[in-house]
Amino acid sequence: MPTSSEIVRVRFAPSPTGYLHIGGARTMLFNWLVARKAGGCMVLRIEDTDQARHVEDSLQKILDDLRWLGLTWDEGPEAGGDYGPYFQSQRLDIYNQYMQQLLDAGQAYYAMESPQELDRMREIAKKEQGGFRYPRPDPLPTIEQGQLAMREGRKVVVRCKMPDEDITVHDSILGDVTLTADQFEDFIIQKSDGFPTYHFACVVDDALMKITHVLRGQEHLMNSHKHVALQHALGFPTPIYGHMPVIFNLDGSKMSKRDKEKAIKAGLAPPEIEVHDFRTAGFLPEAILNFIALLGWSTGDDQEAYTLDELTQAFSMERIGKTNAKFDRAKLLSFNTDWAARLPEPLLLERLKDYATINNLPICSATDDLLLRLLQACAGFRTFADLQKKIGFLFIEDEAIEFDPKAVKKVLAKNDNAGFSILNQTLTKLDALEDWTKSPIEDLVNDLCESLDTKMGNVAQPIRVAVSGSTVSPPIGETLELLGKDKTLIRIRKCLKLHVAV
RNA sequence: GCCCCCAUCGUCUAGUGGCCUAGGAUACCGGCUUUUCAUGCCGGCGACAGGGGUUCGAGUCCCCUUGGGGGUGCCA
């Protein structure tokens, strides 16, 4: 066990097999909080021992999204550190050295069964007794026999000889979890391609990188006993373990990338699964962090809004819950709305620009001043996607305006083209307006309402549809000022032609 | 099949034997504000999985059942 005088060192160890999953983000967050709270060290380690599943570019994507979230690392890729390399694929010599140590000590042995043979054994075992445990050969193959087999070109793996005693994992979230000796099997620690398996690499790296706390998902709970056995065999200390609840979809299924493909096939909008999905969809990192922090953790008081700093202050491993959580996007949306209203403008502006950039939106060309005005004009928006929907019309050519048929029907054509008629009158007035700013425009609209003895909506909506093509835009004075007089008049005239056409 | 973990409103959760006629948030429903969409404000609906114990007293402790999740990979 690490002593209290040791500096806290935690790690997040993603595999470069795709984008950063939202569950992975929470794992990173909790580890990050443990490190920051204790003034410790956050290590990022890349578990790239599975060559078959390696996805090109995914590392950069993971790093990029982590940075976007504001979750930094002290050691790891692009940060360096004294315990590198931080890519497991570059640590083969190290693993081999410890592998040999185990082999020499008789705590691991070569095994020669092929995957096909094992499959067959599993099948038979399943039929006969329901479960399969690798039967330890007696006597164990010698090192010489193993090496001979390798020279003959046979596929050879290394298995860990499990001890004949119960193992208790002390989990700081779940309590003690004991597995009896008869439940262990001699699992593989080195694949036939020479790469270590996850278990072995993880244990060696955690020890060598002086990791003191291992916070990971509950799906790893059963692995812990293997890891503890390995630690004993190698003479390594056991870190403090904490197995966190798992995050699921609302319907109880796993949040998986495949949900996206399924939804698309079914003609539905793909759900956000990876951090990047949320980023693209116009969510704020502050909202995401705040939301996932509360999935499986709480302070016990009624506060729900937390900045990263506040989370760091309030966080404690002891208050992580045991119950699996379901990911409720509606609640996230509410968090996002709150954060959009709360975030300091310069920061919000930065986030908006990121959204525009990764979506390659026309508003990329807008100045900061304009963007800031849009942010203010749309106050109360839920996501950047909503904001974009509301102001997108400002950034398209007048010729490209498309009038939503439903909006035209409801706002302009209804009641014997009442809307068109009002729009026509408005055009004349607007044409004559000299001072093209918000308040004179609003005065003009108000005056028109009075003279026509009608409600605001009856005047504002026709204009809105004419200039934006839809029923939704910022307040009408703001909308027209933002658009400019020329474009406003052009669009209204274009819209009026619709009436003639109908 | 076997092993392990978990169990409070639809959802996230508070609750560590009396403060619980179970609190907050979100969703939903209703009302108000509003030129659209949002926002905002007010109100309402809504849970201790079931059964046994222990105790003066149980959401809180124990057991069983049920339900959910995980593991049982030359994936991590």
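Any value given below was found using the heavy atoms of this structure, including those in side chains, with hydrogens, waters and symmetry copies removed. Lettering of chains follows the sequences in order, A, B, ..., and the numbering in each one begins at 1.
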### Task
Identify whether any heavy atom of Q190(A) sits under 4.0 Å from a base atom; if not, whether one sits that close to sugar-phosphate; answer base, sugar-phosphate or nothing.
nothing
### Query
Would you say the side chain of T197(A) and the base of C74(B) hold a donor-acceptor pair, judged only by whether the two atoms sit under 3.5 Å apart?
no
### Summary
Taken to the nearest whole Å, NE2/H199(A) to C1'/U72(B) is 11 Å
### Task
Please determine, for A47(B), whether a Watson-Crick or G-U wobble partner exists with both distances under 3.5 Å, and give it or none.
none
### Task
Check every strand shown and say whether E113(A) touches a base, only sugar-phosphate, or nothing at a heavy-atom separation below 4.0 Å.
base
### Task
With heavy atoms under 4.0 Å as the rule, sort T49(A) into base, sugar-phosphate or nothing.
sugar-phosphate
### Message
Whether the side chain of R122(A) and the base of U72(B) hold a donor-acceptor pair under 3.5 Å is what I'd like checked.
### Response
no
### Task
Evaluate whether atom NZ of K161(A) has more than 12 neighbouring non-hydrogen atoms of other residues, nucleotides or ligands under 6.0 angstrom away.
no
### Message
Between C37(B) and G30(B), how far apart are the two P atoms, rounded to whole Å?
### Response
16 Å
### Task
Please determine, for C2(B), whether a Watson-Crick or G-U wobble partner exists with both distances under 3.5 Å, and give it or none.
G71(B)
### Message
Under 6.0 Å between ring centres: does that hold for Y95(A) and F195(A)?
### Response
no
### Message
Rounded to whole Å, how long is the line connecting atom NZ of K390(A) with atom C1' of U36(B)?
### Response
8 Å
### Message
Nearest whole Å is fine: how far is C75(B) C1' from I189(A) CD1?
### Response
17 Å
### Query
When all nucleic acid strands are considered with a 4.0 Å heavy-atom cut-off, which category describes H220(A): base, sugar-phosphate, or nothing?
base
### Between G1(B) (C1') and D182(A) (CG): distance, integer Å
15 Å
### Query
Centroid-to-centroid, F30(A) to F315(A), below 6.0 Å?
yes
### Residue among V158(A), V157(A), D186(A) satisfying side-chain contact (heavy atoms from CB on, under 4.5 Å) with Y109(A)
D186(A)
### Message
Please report the distance, rounded to the nearest Å, between CD in E117(A) and P in G73(B).
### Response
16 Å
What nitrogen or oxygen pairs link the protein and nucleotides 2-13 of chain B at under 3.5 Å?
from: C3(B); atom 1: O2'; to: Q183(A); atom 2: OE1; distance (Å): 2.4
from: G10(B); atom 1: N2; to: D328(A); atom 2: OD2; distance (Å): 3.2
from: C12(B); atom 1: OP1; to: K326(A); atom 2: N; distance (Å): 2.8
from: C12(B); atom 1: O2'; to: L294(A); atom 2: O; distance (Å): 2.9
from: C12(B); atom 1: O2; to: K331(A); atom 2: NZ; distance (Å): 3.2
from: U13(B); atom 1: OP1; to: G296(A); atom 2: N; distance (Å): 2.5
from: U13(B); atom 1: O3'; to: S298(A); atom 2: OG; distance (Å): 3.3

### Task
Starting from P on A38(B), measure out to CG on L375(A) and report it in whole angstrom.
19 Å
### Query
Crowded around E402(A) CD? As in, over 12 foreign heavy atoms under 6.0 Å?
no
### Donor-acceptor contact present, side-chain R319(A) to main-chain S298(A), <3.5 Å
yes
